[in-house]
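Proteins get letters first, then strands, A, B, ... in listed order; numbering begins at 1 in each.
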2 protein chains.
Amino acid sequence: MVQKQEYLSKNQKIVLDDVEKANQPLKAYSILYNVQKKGLKAPLQVYRALDKLVEIGKIHKIESRNAFVACKNSNCVVSNATAFSICESCEKVTEINNSKLSKYLSNFEDNSGMKYSKYNLEFFGLCKKCKNK
Amino acid sequence: MVQKQEYLSKNQKIVLDDVEKANQPLKAYSILYNVQKKGLKAPLQVYRALDKLVEIGKIHKIESRNAFVACKNSNCVVSNATAFSICESCEKVTEINNSKLSKYLSNFEDNSGMKYSKYNLEFFGLCKKCKNK
DNA sequence: AATAATATTGTTATAATATAACAATGCGTT
DNA sequence: AACGCATTGTTATATTATAACAATATTATT
Ligand SMILES: [Zn+2]
Ligand SMILES: [Zn+2]
Ligand SMILES: [Zn+2]
Ligand SMILES: [Zn+2]
């Protein structure tokens, strides 16, 4: 039996490293630009690494921005319960780590008969700085 | 003073009509295909109509799918508080209309200092049908 | 009615985001 | 060594979305 991958491959490390350094969401083609000096020349090399990193929860995709950000929340072993705040003025994005919220959403049920295994929540508004302008 | 638009333009009506008939999310280029017989020939004509319809809450964008669905929730006068359930098997999407959930999220506050004016939540899982396969 | 401001439309081209398809290599297991 | 599978490299292409410019339509103000 082949066991589940427990380490990162070369390209995955390179991409994760770049995204972690940024501490803000990066677009795939910005990442591509950044890592070209390390040998990743094609979009697919970046997208494949991103896919895997998202799958294992090291990176999250900010869907409304088509951008990728490193997980800052040690609870997200797998990215099946994510919440973000997004400033609509400066585009600052923060991962929300609020156990009440995650408990509430993870336990959410309605009468649709659906079994929810995953959610993604994006809050929008103005951050502290932008509010006071 | 120019007052806020209170009716739909020709192209907006055409696009809304198509999306409402579908009762499932449509991609922008599917919409374009559908409405070509009505004279909309270019992507921009569709995207512009979609932008406006999303802005006024007649249509919502399913961000994780890059698709657009008509609002089924009369409460969404403006689309500043949206929640959807998405089946990862058959891709069925349903707008969640749950007042407890929307109250909880609309009142959500954390210590970030951010004032949230809007949110979008997407739940993923298996729908009733797909669960029983 | 004339003017101004705003919204909408039409059109061509192009940007930005993401995947298909195929061949080769690397690595752990049997 | 042989197998299975993940990863890599590469080229081409698909999909999603916007820029830029010109024209027309609608509404508000004078
Ligand atoms: Zn996380
Ligand atoms: Zn801000
Ligand atoms: Zn709605
Ligand atoms: Zn289903």
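Rounded to an integer number of Å, the gap from OH of B/Y7 to P of D/dT27 is 4 Å. A straight line from NZ of B/K61 to P of D/dT18 spans 7 Å, rounded to a whole angstrom. A straight line from CD of B/E63 to P of C/dT17 spans 14 Å, rounded to a whole angstrom. Note: CD1 (B/I14) to P (C/dG10) measures 8 Å, nearest angstrom. As rounded to whole Å, 14 Å separates atom C1' of D/dA19 from atom OH of B/Y47. Distance B/Q36 CD to C/dG10 P: 13 Å, rounded to the nearest Å. A/L44 places its CG atom 19 Å from the P atom of C/dA16, with the value rounded to the nearest Å. Taking atom CG of A/L53 as the reference point, atom P of D/dT7 lies 10 Å away to the nearest angstrom.
Along DNA chain D, the nucleotide nearest A/L40 and the nucleotide nearest B/K27 are compared for position; the residue whose nucleotide lies closer to the 5' end is A/L40. Along DNA chain C, the nucleotide nearest B/N11 and the nucleotide nearest A/A28 are compared for position; the residue whose nucleotide lies closer to the 5' end is B/N11. Toward the 5′ end of DNA chain D lies the nearest nucleotide of A/K41, the other residue of the pair B/R48 and A/K41 mapping further downstream. Position along DNA chain C of the nearest nucleotide to B/P43 versus B/N66 favours B/P43 as the more 5'-ward residue.
Considering only the side chain of A/A42, D/dT11 comes nearest among C/dT8, D/dG9, D/dT11.
One donor-acceptor pair, N or O on each side, does fall under 3.5 Å between the base of D/dA17 and the side chain of B/Y29.
In this structure, CG on B/D17 lies 11.5 Å from CD1 on B/I31, to the nearest 0.5 angstrom. One distance of note links CG of B/L16 with NZ of B/K52; it measures 14.0 Å at 0.5 Å rounding. From B/S112, atom OG reaches atom CD1 of A/I96 across 7.0 Å, with rounding to the nearest 0.5 Å.
Remark: B/S9 is in phosphate contact with C/dT9, judged by side-chain N or O atoms under 4.0 Å from OP1 or OP2. Taking side-chain N and O atoms only, B/Q45 has no distance below 4.0 Å to OP1 or OP2 of C/dT11. Using a 4.0 Å cut-off, some side-chain N or O of B/K10 falls inside it from OP1 or OP2 of C/dG10.
The aromatic rings of B/Y119 and A/F123 stand perpendicular to each other, their planes meeting at an angle above 60°, with 30° marking the opposite boundary. Using cut-offs of 30° and 60° on the angle between ring planes, the pair A/Y104 and B/Y104 is parallel.
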